[in-house]
J.: 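Before anything else, here's the structure in question.
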Protein chains: 2
Amino acid sequence: MEWCQVRTNPERRQALIDGAIEVLAREGARGLTFRAVDKEAAVPSGTASNYFANRDDLLTQAGARFYERLQPSPETMAQLTDGPKDRANIVELMKEVVGRIEAFRTGYLALLELRLEATRRPELRAVLTERVRADLEFNVRNHVESGMPGDETSVRLLYLALNWLIVDRLTLPGIFTEEQSIELIEAAVNRLVDDDA
Amino acid sequence: MEWCQVRTNPERRQALIDGAIEVLAREGARGLTFRAVDKEAAVPSGTASNYFANRDDLLTQAGARFYERLQPSPETMAQLTDGPKDRANIVELMKEVVGRIEAFRTGYLALLELRLEATRRPELRAVLTERVRADLEFNVRNHVESGMPGDETSVRLLYLALNWLIVDRLTLPGIFTEEQSIELIEAAVNRLVDDDA
């Protein structure tokens, strides 16, 4: 049990969680075993079982890690708070966030695996629901406080449209080209954000 | 091989594919074996292997079956072609399609499993890409020809936003209530469809 472990260290824990993300993306949720994670992180067999109470604990921490690794850069946050208060800037911000998520391909695929696994595991579902809700509400609050055009509904509808755009781009890349993807982001912002708001 | 099978029949084939959808939703892509499908469809062990060339063949047919089972009713098609040419009617049509997909919960979850499996299987990816593209283009063409307000981009952006709404509703139902879901559908149509178009 965790309270009696002494030989754990934060770097190794993080390496194991990052390994779990790669395993989830590559093998699916059912492929995620402590043994597979040990192998992925190139640590001795039995290591992961020292760091996580059980498989649910590991799944939950992998979900939290996705959001941790996707934190916007200080530059992006500054562009939101100090940049021009217009739709053109929102387009740039949305392109940046879609690009950032697409660049962490395995992380997003792992999160989709976790969502499907959540339909089978109530505890994981509760934790993920809380995390996704907090992330969405953070974005809503941030946007409204930034003084940018657009209301709460604009943010929620952008969240919906851009998430599925990323699903298409990562799972069936033949659906929308890079150029079409950019056009869809621009159209989504232009239509969902009222410039007079 | 298929050309030398004589004892296959269409009803049983369909029952096996429907069984595969249930197994995919419940166990994930890695849980989909011929043995699991035989069990789900309550047929003698070894039956599925007589009907499908291999696992890829079964996965592909499960994807096609999702679209087959989700065909809009003649009433819905009539509402599109003969109903009022206004946004209020589009809202009703979108509520109907979201409700229809949510009601086939296991089918949609199976399709998400197939999308993730498609990242690992180029052949499945090619078939799914073709199917999703055809479905989207059918909707775009249908909408434009119906004389309803809204353009091609409206249809594509509604496709994006409503798909992720369904993902949230089916995987993390605590994110949006039924009421919020309906408000989001209304707001999506009102903002994405230009009434003067």
Side-chain angles (χ1 to χ4, degrees), chain A residues 24-32 105-106 109-110 112-120 124-133 136 150-154 156-168 170-176 180 183-188 190-194, chain B residues 24-32 105-106 109-110 112-120 124-133 136 150-154 156-168 170-176 180 183-188 190-194:
Chain A
L24 278 167
R26 197 178 58 235
E27 316 271 348
R30 275 174 68 114
L32 187 81
R105 174 183 171 79
T106 52
L109 294 176
L112 284 176
E113 291 285 350
L114 288 178
R115 275 184 174 256
L116 287 167
E117 191 70 2
T119 64
R120 301 159 200 139
L124 179 62
R125 183 159 67 243
V127 173
L128 274 184
T129 298
E130 218 27 76
R131 198 64 196 74
V132 170
R133 200 206 311 266
L136 182 56
D151 57 7
E152 299 194 3
T153 301
S154 307
R156 292 201 179 90
L157 290 174
L158 283 172
Y159 153 86
L160 294 180
L162 300 187
N163 261 296
W164 192 262
L165 179 61
I166 295 165
V167 171
D168 267 352
L170 294 186
T171 64
L172 303 177
I175 301 289
F176 298 121
Q180 288 173 313
E183 285 171 5
L184 285 167
I185 295 171
E186 290 169 350
N190 286 330
R191 296 182 188 208
L192 295 174
V193 174
D194 185 348
Chain B
L24 278 168
R26 196 177 60 235
E27 315 271 349
R30 274 173 68 113
L32 187 81
R105 174 184 171 77
T106 53
L109 294 176
L112 284 176
E113 290 284 352
L114 288 178
R115 275 185 174 255
L116 287 168
E117 192 69 3
T119 65
R120 299 158 203 140
L124 178 62
R125 184 158 67 241
V127 173
L128 275 184
T129 298
E130 219 26 77
R131 199 65 196 72
V132 171
R133 200 206 311 266
L136 182 56
D151 57 7
E152 298 193 3
T153 302
S154 307
R156 292 201 179 91
L157 290 174
L158 282 172
Y159 153 86
L160 293 180
L162 300 187
N163 261 296
W164 192 261
L165 178 61
I166 295 165
V167 171
D168 267 353
L170 295 186
T171 65
L172 302 178
I175 302 289
F176 298 120
Q180 288 173 314
E183 286 171 5
L184 285 167
I185 295 171
E186 290 170 349
N190 285 330
R191 296 183 188 207
L192 296 175
V193 174
D194 185 349

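Proteins come first, then strands; the chains are lettered A, B, ... in the order of their sequence lines, and each starts at number 1.
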J.: Check Arg120(B) against Arg26(A) and note the closest heavy-atom contact, atom names and distance.
T.: NE-O, 3.0 Å

J.: Please flag which part of Leu170(B) lies under 4.5 Å from any non-hydrogen atom of chain A: side chain, backbone, both or neither.
T.: backbone

J.: Arg115(B) vs Asp168(A), test: side-chain contact (heavy atoms from CB on, under 4.5 Å). Steps then yes/no.
T.: CA-CA 9 Å; Arg115(B) 275 185 174 255; Asp168(A) 267 352; 2.8 Å; yes

J.: Would you mind checking which part of Arg30(B) comes under 4.5 Å of any heavy atom in chain A, side chain (CB onward), backbone (N, CA, C, O), both or neither?
T.: both

J.: For Ala188(A), is it the side chain, the backbone, both or neither that has a heavy atom under 4.5 Å from a heavy atom of chain B?
T.: both

J.: Using non-hydrogen atoms only, which part of Glu27(B) is less than 4.5 Å away from chain A: side chain, backbone, both, or neither?
T.: both

J.: Once the angle between the rings of Phe176(B) and Tyr159(A) is folded into 0 to 90°, is it parallel (under 30°), tilted (30 to 60°) or perpendicular (over 60°)?
T.: perpendicular

J.: Of all heavy-atom pairs between Thr153(B) and Ala187(A), which one has the smallest distance, and what is that distance?
T.: CG2-CB, 3.6 Å

J.: For chain B, find which of Asn163(A), Thr129(A), Val132(A), Thr119(A) contributes the most heavy-atom pairs closer than 4.5 angstrom.
T.: Asn163(A)

J.: Looking at Glu113(A), Arg133(A), Arg156(A), which one has more heavy-atom pairs under 4.5 Å with chain B than the rest?
T.: Glu113(A)

J.: Give, as side chain, backbone, both or neither, the part of Ala25(A) having an atom under 4.5 angstrom from any heavy atom of chain B.
T.: backbone

J.: Please classify the contact between Glu130(A) and chain B as side chain, backbone, both or neither, with a heavy-atom cut-off of under 4.5 Å.
T.: neither

J.: Can you tell which part of Val167(A) gets under 4.5 Å to a heavy atom of chain B, answering side chain, backbone, both or neither?
T.: both

J.: Below 4.5 Å from any heavy atom of chain B, which atoms of Glu117(A) appear? Answer side chain, backbone, both or neither.
T.: neither

J.: Is any side-chain heavy atom of Leu157(A) less than 4.5 Å from a side-chain heavy atom of Leu184(B)?
T.: yes

J.: Please classify the contact between Arg131(A) and chain B as side chain, backbone, both or neither, with a heavy-atom cut-off of under 4.5 Å.
T.: neither

J.: Among Ala161(B), Pro173(B), Gly31(B), Ala126(B), which has the most heavy-atom pairs under 4.5 Å with chain A?
T.: Ala161(B)

J.: In chain order, what residues pass the salt bridge (charged side-chain N to carboxylate O under 4.0 Å, His left out) check against Arg125(B), with sequence neighbours excluded?
T.: none

J.: If I measure from the heavy atoms of chain B, does Asn190(A) come under 4.5 Å with its side chain, its backbone, both, or neither?
T.: neither

J.: Non-hydrogen atoms of chain B under 4.5 Å away: do they reach the side chain of Leu24(A), the backbone, both or neither?
T.: backbone

J.: What is the minimum heavy-atom distance between Leu160(B) and Trp164(A), and which atoms define it?
T.: O-CB, 3.2 Å

J.: Who passes salt bridge (charged side-chain N to carboxylate O under 4.0 Å, His left out) against Glu186(B), sequence neighbours left out?
T.: Lys95(B)

